[in-house]
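Letters A, B, ... mirror the listed sequences (proteins, then strands); counts begin at 1.
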Amino acid sequence: MIEAPRGTHDVLPSDQPLWQRVTAEMERLCALYGYRRIQTPVFEAVELFQRTSGEGSDIVQKEMYVFEDRGGRRFALRPEGTAPICRAYVEHGLHREPQPVKLYTLATMYRYDKPQRGRYREHWQLSVESIGSADPATDAEVIHLYDTLLRTLGVRRYELQLNSIGDRECRPAYLERLNAWLDGHADVLDAEARRKRETSPLRVFDVKTPSVRAALADAPKIGEALCDACAEHFAQVRAYLDAYGVRYTIAPTLVRGLDYYTRTTWEFVGPDASTQASTISAGGRYDGLIEEIGGPPTPGVGFGAGIERLVLSLQLEGIGAEAPALDVFVALDGAPREDALRLLAELRAAGVAADTDYAGRSLRGQLTQAQRSGARDTIILRPDTAVLRRRGERDIEVARSEILERVAR
RNA sequence: GUGGCGGUAGCUCAGCUGGUAGAGCCCCGGGUUGUGGUCCCGGUGGUCGUGGGUUCGAAUCCCAUCCGCCACCCCA
C-alpha cells in the first residue's frame with residue numbers, strides 16, 4: 001500500500017467546500033485591496049533562501065528540501081513565499097512599475113519538519129507582499145487585510161501580537177547591550193539559552209525555562225531600544241492600526257525566525273492557542289531583502305498565512321461550508337439509456353447542473369442517490385413519459401419536450 | 001532530530017490474562033411507504049500498518065520499521 005509521503009496530505013472532496021470558502025475569500029479581499037496575483041516556481045536556487053532567510057535560520061539549517069537536478073544545479077523546494085516573490089520583482093523589473101507593487105500568491109510551501117497536527121512538510125500559504133514603499137501605512141494595510149479575512153470568515157478567538165525589531169541602525173547597538181546583559185547574567189542561562197545566544201541572540205527570549213524567563217524580564221528589549229526613525233515608524237503603524245480598528249497586543253519579545261525582517265514584525269495566534277501550531281499567520285517588514293538578492297535598495301512588507309491552520313481554526317469555531325448541490329438528477333425507470341444521456345446534455349448545455357446513475361442502481365437506489373446529490377429536481381424517465389419530482393412538491397407528469405423549461409431557473 | 005502514546009472494515013471503535021475477527025455508521029439489494037425520509041430484512045467489504053521473532057497456535061507477547069498524535073524544537 002503506497003501512502004502519501006510523510007507530512008503531506010490530501011485535501012479530499014469533503015474538505016473542499018471549506019477550502020473553497022477560505023481561498024475564495026482570500027482572493028476576493030486581495031483584489032479588493034488592490035493586490036495582484038503572482039505565481040512563482042515550486043523550486044528555486046538554494047542560494048535565494050540561504051541568503052535571505054539567513055544561514056543560521058532553522059529553515060536553512062535543517063528544514064529545506066534540497067536537491068540537485070540532472071544538470072548538477074542545486075535547488076530547494078520553496079520553504080517560504082517572500083523571497084521568491086522578491087526575486088521575481090527584481091528579475092522582471094517590477095521596480096519600474098508604480099510603487100508599491102502589491103502582490104499575492106496562493107502556493108504550497110515545503111519544510112522538513114517533524115509532522116504534527118497543523119504542521120506539515122507540504123502546506124498551503126497565502127503570501128501577501130507590498131513592495132517598494134517604506135510607508136507605515138503599508139504595514140498597517142497588510143495586517144488589516146488579514147484581520148479582515150479572519151473577521152469575514154467568522155473567526156472570533158484570535159490575537160495579533162505586534163513588535164518592532166529595529167533595523168541596521170539600531171539593532172547592532174541593541175545587540176551589544178543585550179550581550180552585555182547576558183554576559184552579566186551568565187549564571188542564569190541554561191544550555192538552551194546559551195545555544196540560542198550562539199545562533200541568534202534575539203532568540204534567547206524564546207526560551208521556555210521559567211527561571212530563565214523570569215531573569216530575562218529585566219533584560220533590555222529591542223522595542224525599548226529603537227532608533228528614532230524606527231520608533232517613529234512603529235508609532236505610525238500603531239496609529240494606523242488604531243485607525244483601521246485593528247486590535248493588537250504589543251509583544252516586546254516577539255522575534256521571527258528569518259534574518260530578513262526589519263522593524264515591524266507580527267503574528268496572528270488562532271483559536272487553538274494551546275497547541276504548538278497556534279500561529280495562523282506571521283509577517284513583517286523586510287527593507288533589506290531586495291538589495292540582498294541583487295536588486296536596488298527597496299523596502300517591503302508582507303506576511304504568510306497558513307491555509308490548513310486557518311481551516312482548522314474555522315472548524316474549531318464551528319464554521320463549516322455547504323457542498324455545492326446538483327440542480328437535477330435524472331433517473332431511469334424503463335426508458336432507454338440514450339434518453340437520459342440526451343437529456344443530460346441538454347440540461348448541462350443550458351447551464352443546469354445535472355447527473356444520473358452510473359452504478360446500475362435500482363430505481364429505489366437511484367432516488368436515494370438523487371436525494372444525496374442535493375438536487376432540487378428529479379426527472380424519472382419512463383418508456384413514454386417523464387415524472388418531475390421537485391423537493392417538497394407533488395409529482396407531476398411532464399412531456400419530454402417541456403422538461404428543460406420546467407427545470408431551468 | 002529527541003522523547004511519550006497509538007495504528008483492527010471506507011469511518012468510529014470492541015476484541016480481558018495468546019486459541020484462527022465483531023458492532024454501529026456507510027455502501028448495495030429487498031419489504032413497508034406518498035417511488036427519495038422513517039422502520040424492518042438481507043448482503044458486499046478486513047494481508048488486524050509492514051517485516052521478522054517466540055509459540056502447537058499471535059490482532060493479542062518481543063524486536064525492527066512505516067505512518068499518525070502529543071511534548072520538545074520550530075514555525076504557517
Taking only residues at least two apart or on different chains, which pairs with a member in residues 340-395 of chain A satisfy ring pair (Phe, Tyr, Trp, His ring centres under 6.0 Å)?
none
The side chain to side chain donor-acceptor pair (under 3.5 Å) partners of A:Tyr240 (sequence neighbours excluded) come to A:Gln236
NA contact type, A:Ser281, heavy-atom cut-off 4.0 Å: base, sugar-phosphate, or nothing?
sugar-phosphate
Under 3.5 Å on both distances, the Watson-Crick or G-U partner of B:rA58
none
Check the distance between B:rC73's P and A:Asp58's CG and give it to me in whole angstrom.
11 Å
Show me the protein contacts with nucleotides 25-28 of chain B, counting only N or O atoms at under 3.5 Å.
{"residue": "B:rC27", "atom": "OP1", "partner": "A:Arg372", "partner atom": "NH1", "Å": "2.5"}
{"residue": "B:rC28", "atom": "OP1", "partner": "A:Arg361", "partner atom": "NE", "Å": "2.7"}
{"residue": "B:rC28", "atom": "OP1", "partner": "A:Arg361", "partner atom": "NH2", "Å": "3.0"}
{"residue": "B:rC28", "atom": "OP1", "partner": "A:Arg372", "partner atom": "NH2", "Å": "2.9"}
{"residue": "B:rC28", "atom": "OP2", "partner": "A:Arg372", "partner atom": "NH1", "Å": "3.4"}
{"residue": "B:rC28", "atom": "OP2", "partner": "A:Arg372", "partner atom": "NH2", "Å": "3.4"}

Pick the closest RNA chain B nucleotide for A:Arg391 and for A:Ala305 by heavy atoms, then say which residue is nearer the 5' end.
A:Arg391
Can you tell if the side chain of A:Arg37 reaches within under 4.5 Å of the side chain of A:Glu27, non-hydrogen atoms only?
yes
In whole angstrom, give me the gap between the C1' atoms of B:rG4 and B:rC40.
48 Å
Across the strands shown, which category fits A:Glu267 at heavy-atom distances under 4.0 angstrom: base, sugar-phosphate, nothing?
nothing
Can you tell whether the side chains of A:Arg400 and A:Asp339 come within less than 4.0 Å, N to carboxylate O?
yes
Classify A:Ile280 by what it touches in the nucleic acid, base, sugar-phosphate, or nothing, heavy-atom distance under 4.0 Å.
sugar-phosphate
Is there a side-chain contact between A:Arg111 and the phosphate of B:rC74, meaning an N or O under 4.0 Å from OP1 or OP2?
no
Run the side-chain hydrogen bond (donor to acceptor under 3.5 Å, both in side chains) check on A:Tyr110 and A:Glu122 step by step: do they pass?
CA-CA 5 Å; A:Tyr110 300 83; A:Glu122 177 188 72; 2.7 Å; yes
May I have all residue pairs that pass salt bridge (charged side-chain N to carboxylate O under 4.0 Å, His left out) and include part of residues 302-314 of chain A, sequence neighbours excluded?
none
If I take atom CG in residue A:Leu314 and atom P in nucleotide B:rA76, what distance separates them, rounded to the nearest angstrom?
19 Å
Value rounded to 0.5 Å, distance of CD1 in A:Ile131 from NZ in A:Lys102
12.5 Å
For residues 352-369 of chain A, which residue pairs qualify under salt bridge (charged side-chain N to carboxylate O under 4.0 Å, His left out), counting only residues two or more places apart or in two chains?
A:Arg348-A:Asp355, A:Asp357-A:Arg361
For nucleotides 64-72 of chain B, tabulate all protein N/O to nucleotide N/O atom pairs closer than 3.5 Å, reporting atom names and distance.
{"residue": "B:rG68", "atom": "OP1", "partner": "A:Gly7", "partner atom": "N", "Å": "2.9"}
{"residue": "B:rG68", "atom": "OP2", "partner": "A:Arg6", "partner atom": "NH1", "Å": "2.9"}
{"residue": "B:rC70", "atom": "OP2", "partner": "A:Arg117", "partner atom": "N", "Å": "2.9"}
{"residue": "B:rA71", "atom": "N7", "partner": "A:Gln116", "partner atom": "OE1", "Å": "3.4"}
{"residue": "B:rC72", "atom": "OP2", "partner": "A:Gln276", "partner atom": "OE1", "Å": "3.3"}
{"residue": "B:rC72", "atom": "OP2", "partner": "A:Gln276", "partner atom": "NE2", "Å": "2.7"}

Calculate, to the nearest 0.5 Å, the distance between atoms CD1 and CG belonging to A:Ile379 and A:Leu332 respectively.
12.0 Å
Give me the distance, rounded to whole Å, that separates B:rU33 from B:rU38 when you measure between the C1' atoms they each carry.
9 Å
Is any NZ, NE, NH1 or NH2 atom of the basic residue among A:Arg36 and A:Glu97 found under 4.0 Å from an Asp or Glu carboxylate oxygen of the other?
yes
Both distances under 3.5 Å, Watson-Crick or G-U wobble: report the partner of B:rG1, or none.
B:rC72
My understanding is that a pair needs two contacts under 3.5 Å, Watson-Crick or G-U wobble. By that rule, which nucleotide pairs with B:rG43?
B:rC27
Keeping A:Arg78 on the side-chain end and A:Pro41 on the backbone end, is there a donor-acceptor pair under 3.5 Å?
yes
Round to the nearest Å and state the distance from A:His9 atom NE2 to B:rA76 atom P.
16 Å
Please report, rounded to the nearest Å, how far the P atom of B:rC74 is from the CD atom of A:Glu63.
10 Å
Please list, by residue number, the residues of residues 29-37 of chain A whose heavy atoms come closer than 4.0 Å to an atom of RNA chain B; answer none if no residue qualifies.
none
Going by purine N1 to pyrimidine N3 plus the second Watson-Crick contact, or the G-U wobble pair, all under 3.5 Å, which nucleotide sits opposite B:rU20?
none
Within residues 192-227 of chain A or reaching into it, pairs that qualify as ring pair (Phe, Tyr, Trp, His ring centres under 6.0 Å) - sequence neighbours excluded:
none
Assess the pair A:Phe67 and A:Phe43: is the distance between their ring centroids shorter than 6.0 Å?
yes
Nearest-Å distance once atom C1' is located in both B:rG24 and B:rA9
12 Å
Expressed in whole Å, how much space separates the C1' atoms belonging to B:rC62 and B:rG18?
13 Å
Identify, between A:Leu367 and A:Ile59, the residue whose nearest nucleotide on RNA chain B lies closer to the 5' end.
A:Leu367
Rounded to whole Å, how long is the line connecting atom CD of A:Glu80 with atom P of B:rA76?
8 Å
Between residues 149-166 of chain A and RNA chain B, which residues have a heavy-atom gap below 4.0 Å?
none
Once base and sugar-phosphate atoms are separated, protein heavy atoms under 4.0 Å mark nucleotides 39-46 of chain B, 5' to 3', with B, S and - as B-------
Give me the distance, rounded to whole Å, that separates B:rG31 from B:rG37 when you measure between the P atoms they each carry.
14 Å
For A:Asp167, give me all partners under side chain to side chain donor-acceptor pair (under 3.5 Å), at least two apart in sequence or on another chain.
none
Say we look at B:rG57 and B:rG49: how far apart would their C1' atoms be, to the nearest angstrom?
23 Å
B:rG6 and B:rC13, which share atom name P, separated by this distance in whole Å:
14 Å
Identified pairing partner of B:rU38, criterion: Watson-Crick or G-U wobble below 3.5 Å
none
Within a strict 4.5 Å, meaning less than it, do heavy atoms of the A:Asp147 and A:Arg151 side chains meet?
yes
Any Lys/Arg nitrogen of A:Glu47 or A:Arg51 sitting under 4.0 Å from an Asp/Glu carboxylate oxygen of the other?
no
Could you list the residues that satisfy side-chain contact (heavy atoms from CB on, under 4.5 Å) with A:Ser127, not counting sequence neighbours?
A:Ile85, A:Thr105, A:Met109, A:Gln125, A:Glu129
A:Arg21 side-chain N/O to A:Gly320 backbone N/O, donor-acceptor pair under 3.5 Å:
yes
Roughly, in whole Å, what's the span from CD in A:Gln371 to C1' in B:rG37?
7 Å
Using the P atom in both, what is the distance from B:rG1 to B:rA14, to the nearest Å?
31 Å
